[in-house]
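Residues take their numbers from the sequence shown, with the count starting at 1.
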Amino acid sequence: MLIYSLDPNEAEKRTRAAALLRSGMLAGWIVTSPQTINECYRVLVDRKRLMPREHARAFLATLLPTCLAPLDVTTTAEAWTIQDRTGFAWWDCVMLASAVQAECSVFASEDLTDGTEIGGLRIANPFLNDLAPGAP
């Protein structure tokens, strides 16, 4: 969702992702992890080259107050369990484990299976679901 909020090649998704990000930040219900911030930076700067480093860093600096989910050895062990259960890619499992540890209820992802439940966490595609707190 973070990448889509900036991607000029995905106008419809960019509009929805940016609005969701903005409203979530204002309402205080967006939670990120160090892994999310790092992965976003890599994609923005190295993989998709959507912006120069300085712009990516400035954008991500606005998200640092939301970086409340842990990334530690417990996260790694939880990620192993999630990967064994789901077969999801490793770095996705690390972000999911971090969200589980932070007791998040929803994990926004277009790439993972919408509706999958992991330790009280529901994966939801932000382009198919209303992700505002209290939404089904």
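- Rounding to the nearest 0.5 Å places CZ of Phe88 at 10.5 Å from CG of Asp111.
- Separating the CE atom in Met25 from the OG1 atom in Thr66 is a distance of 6.0 Å, to the nearest 0.5 Å.
- To the nearest 0.5 angstrom, Asn9 atom CG is 7.0 Å from Leu50 atom CG.
- With values rounded to the nearest 0.5 angstrom, Glu110 atom CD is found 13.5 Å from Ile123 atom CD1.
- Side-chain contact between Trp80 and Trp90 is present, with at least one heavy-atom pair separated by less than 4.5 Å.
- The distance from atom CG of Asp92 to atom CG of Leu112, rounded to the nearest 0.5 Å, is 4.5 Å.
- Within 6.0 Å of CD in Glu12 there are 12 or fewer heavy atoms belonging to other residues, nucleotides or ligands.
- Residues Phe127 and Ile3 do not share a hydrophobic cluster, defined by chaining ILVMFWY side chains whose heavy atoms lie under 4.5 Å apart.
- Grouping the Ile, Leu, Val, Met, Phe, Trp and Tyr side chains by contacts below 4.5 angstrom, directly or via other members, places Ile82 with Met95.
- Using a cutoff of 4.0 Å between basic side-chain nitrogens and carboxylate oxygens, Arg42 and Glu39 are scored as salt-bridged.
- Heavy-atom minimum distance, Leu71 versus Gln35: CD2-N, 4.0 Å.
- By the rule that hydrophobic residues join a cluster once side-chain heavy atoms approach within less than 4.5 Å of another member, Leu60 and Val45 end up as members of one cluster.
- Under the 4.5 Å side-chain contact rule for hydrophobic residues, Leu63 and Val43 share a cluster.
- Counted within 6.0 Å of CZ on Arg53, heavy atoms from surrounding residues, nucleotides or ligands total 12 or fewer; the atom is thus considered open.
- For the pair Val94 and Thr75, the tightest heavy-atom approach, listed with the atom from each and the gap, is O-CG2, 3.7 Å.
- The CZ atom of Arg122 sits 10.5 Å away from atom OG1 of Thr116, with the distance rounded to the nearest 0.5 Å.
- Both Leu64 and Trp29 belong to a single network of hydrophobic side chains, linked directly or stepwise wherever heavy atoms of I, L, V, M, F, W or Y lie under 4.5 Å apart.
- Counting only heavy atoms from C-beta outward, the side chains of Gln101 and Thr74 approach each other to under 4.5 Å.
- A 4.5 Å side-chain heavy-atom check between Thr32 and Leu68 finds every atom pair outside the cut-off.
- Across Asp114 and Ala124, no two heavy atoms sit closer than the pair OD1-CA, 3.2 Å.
- Scanning both residues, Pro34 and Cys67, for their nearest heavy atoms gives N-SG, 3.4 Å.
- Judged by distance alone, the side chain of Ser98 and the main-chain N or O of Ser33 form no donor-acceptor pair under 3.5 Å.
- Taking each heavy atom of Val100 and Ile118 in turn, the nearest pair found is CG2-O, 3.6 Å.
- When atom types are taken as modelled, the side chain of Arg57 and the backbone of Glu54 share no donor-acceptor pair closer than 3.5 angstrom.
- Scanning both residues, Leu121 and Cys104, for their nearest heavy atoms gives CD1-O, 3.4 Å.
- Of the options Arg14, Arg16, Glu10, a side chain to side chain contact (heavy atoms under 4.5 Å, CB included) to Tyr4 is made by Glu10 and by none of the others.
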